[in-house]
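A short worksheet on the structure shown next.
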Amino acid sequence: MKFFLDTANLDELKKGASWGILDGVTTNPSLIAKEGRPIEEQVRLICDIVDGDISAEVVATEAPAMIREGHNLSRIHKNIVVKCPLTRDGIMACSALSKEGIRVNVTLCFSATQALIAAKAGAYFISPFVGRLDDISSSGMELIQHIVRIYKNYGYSTQVLAASLRSPMHVMDAALAGADIGTMPFKVMDQLFNHPLTDKGLEQFLKDWGKVFQEAPVAG
Ligand code: G3P
């Protein structure tokens, strides 16, 4: 499973990249706006930090303008994946951009049939929003399971990017369901490391070591 960070914050991305387990980044207009820089500038800075797929979203709502924005975003860096919302215009733009070889992440997906449409339009990624479905008492994870099964049934190459993951349990369930990628806030990726038995075990190892030796095995 690939791990993406769902943030446009450069400090979070630098920290995530330093762990050596970061495969890419997803952004959206809300996340870009939070950082206060124009999208081209912010995305370029992100590409300097993370060597992986970087999703950057169009803000136009009509297909011709979305396609124009998609062209501009894709020119910023070879790793850019253009993000389009799952509307009729967004799907038209996805289809046109995909035919040109530009990779598209279709976002704001809340049903399996929407995901089927995106795959038919040649989407590179489909982004089903798990947490936002859970928020309205629907099962976000069941949606991931359905999409994975449907794509497998028909051999679609569109990758399932589980989005709106809000907890380590979401990440684990998305992995069990076979999502290709999980995108998560920095806080969730950080939480994935934690286990009290790891902390307790390490404390004991170091205490035992310290009883006999005063220094690390190889001095710096
Ligand atoms: O990638 C989609 C994500 O940004 C949405 O997350 O937590 O705002 O539903 P959330």
Side-chain angles (χ1 to χ4, degrees), residues 1-13 15-17 21-37 39 42-43 46-47 49-50 52-59 61 66 69-70 73 79-87 90-91 93-94 103-112 114-115 117-119 123-148 158-175 177 179-192:
M1 187 193 213
K2 286 189 176 173
F3 279 1
F4 286 8
L5 271 175
D6 193 35
T7 181
N9 182 275
L10 303 181
D11 291 334
E12 290 183 345
L13 290 169
K15 209 169 205 176
I21 56 161
L22 183 61
D23 301 298
V25 180
T26 49
T27 68
N28 60 38
S30 310
L31 293 171
I32 294 282
K34 236 164 88 180
E35 303 307 316
R37 280 196 197 92
I39 183 162
Q42 191 67 20
V43 164
I46 292 172
C47 290
I49 298 169
V50 181
D53 292 333
I54 315 289
S55 289
E57 189 161 341
V58 302
V59 288
T61 53
M66 285 174 161
E69 264 186 61
L73 290 170
N79 288 347
I80 296 294
V81 179
V82 175
K83 219 168 164 188
C84 294
L86 212 155
T87 58
I91 289 297
C94 171
R103 298 174 306 154
V104 179
N105 175 355
V106 174
T107 188
L108 290 168
C109 170
F110 294 97
S111 79
Q114 285 182 317
I117 287 172
Y124 183 68
F125 293 144
I126 182 68
S127 290
F129 278 30
V130 173
R132 290 194 193 183
L133 277 171
D134 289 357
D135 287 345
I136 57 159
S137 306
S138 232
S139 171
M141 218 39 80
E142 196 173 87
L143 174 61
I144 301 290
Q145 290 159 6
H146 286 172
I147 298 171
V148 168
T158 305
Q159 297 173 59
V160 180
L161 194 167
S164 186
L165 301 179
R166 309 245 181 92
S167 66
M169 277 302 281
H170 270 164
V171 178
M172 189 190 78
D173 287 339
D180 299 284
I181 303 134
T183 191
M184 62 203 87
F186 178 82
K187 183 180 161 217
V188 173
M189 194 176 281
D190 191 49
Q191 286 173 330
L192 295 180

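For clarity, every value in this text was computed on a predicted model and none was experimentally measured. Each ligand, and each atom within it, is numbered from 1 in the order the structure gives.
A salt bridge links Arg103 with Asp53: the distance from a Lys NZ or Arg NE/NH1/NH2 to an Asp or Glu carboxylate oxygen falls below 4.0 Å.
Around ligand 1 you find Asp6, Asn28, Phe129, Arg132, Ala163, Ser164, Arg166, each with a heavy-atom distance below 4.0 Å.
Without hydrogens or angle criteria, Gln42 side chain to Ala8 main chain gives a donor-acceptor distance under 3.5 Å. Of the possible polar contacts, one joining the Glu69 side chain to the Val59 backbone as a donor-acceptor pair under 3.5 Å is found. Remark: side-chain polar atoms of Asp6 are not paired, donor with acceptor, to backbone N or O of Pro185 under 3.5 angstrom. A donor-acceptor contact shorter than 3.5 Å is absent between the side chain of Asp23 and the backbone of Phe4.
Every residue two or more places apart in sequence or in another chain that forms a ring-ring contact (aromatic ring centres under 6.0 Å, His included) with Phe129 is listed here: Phe110.
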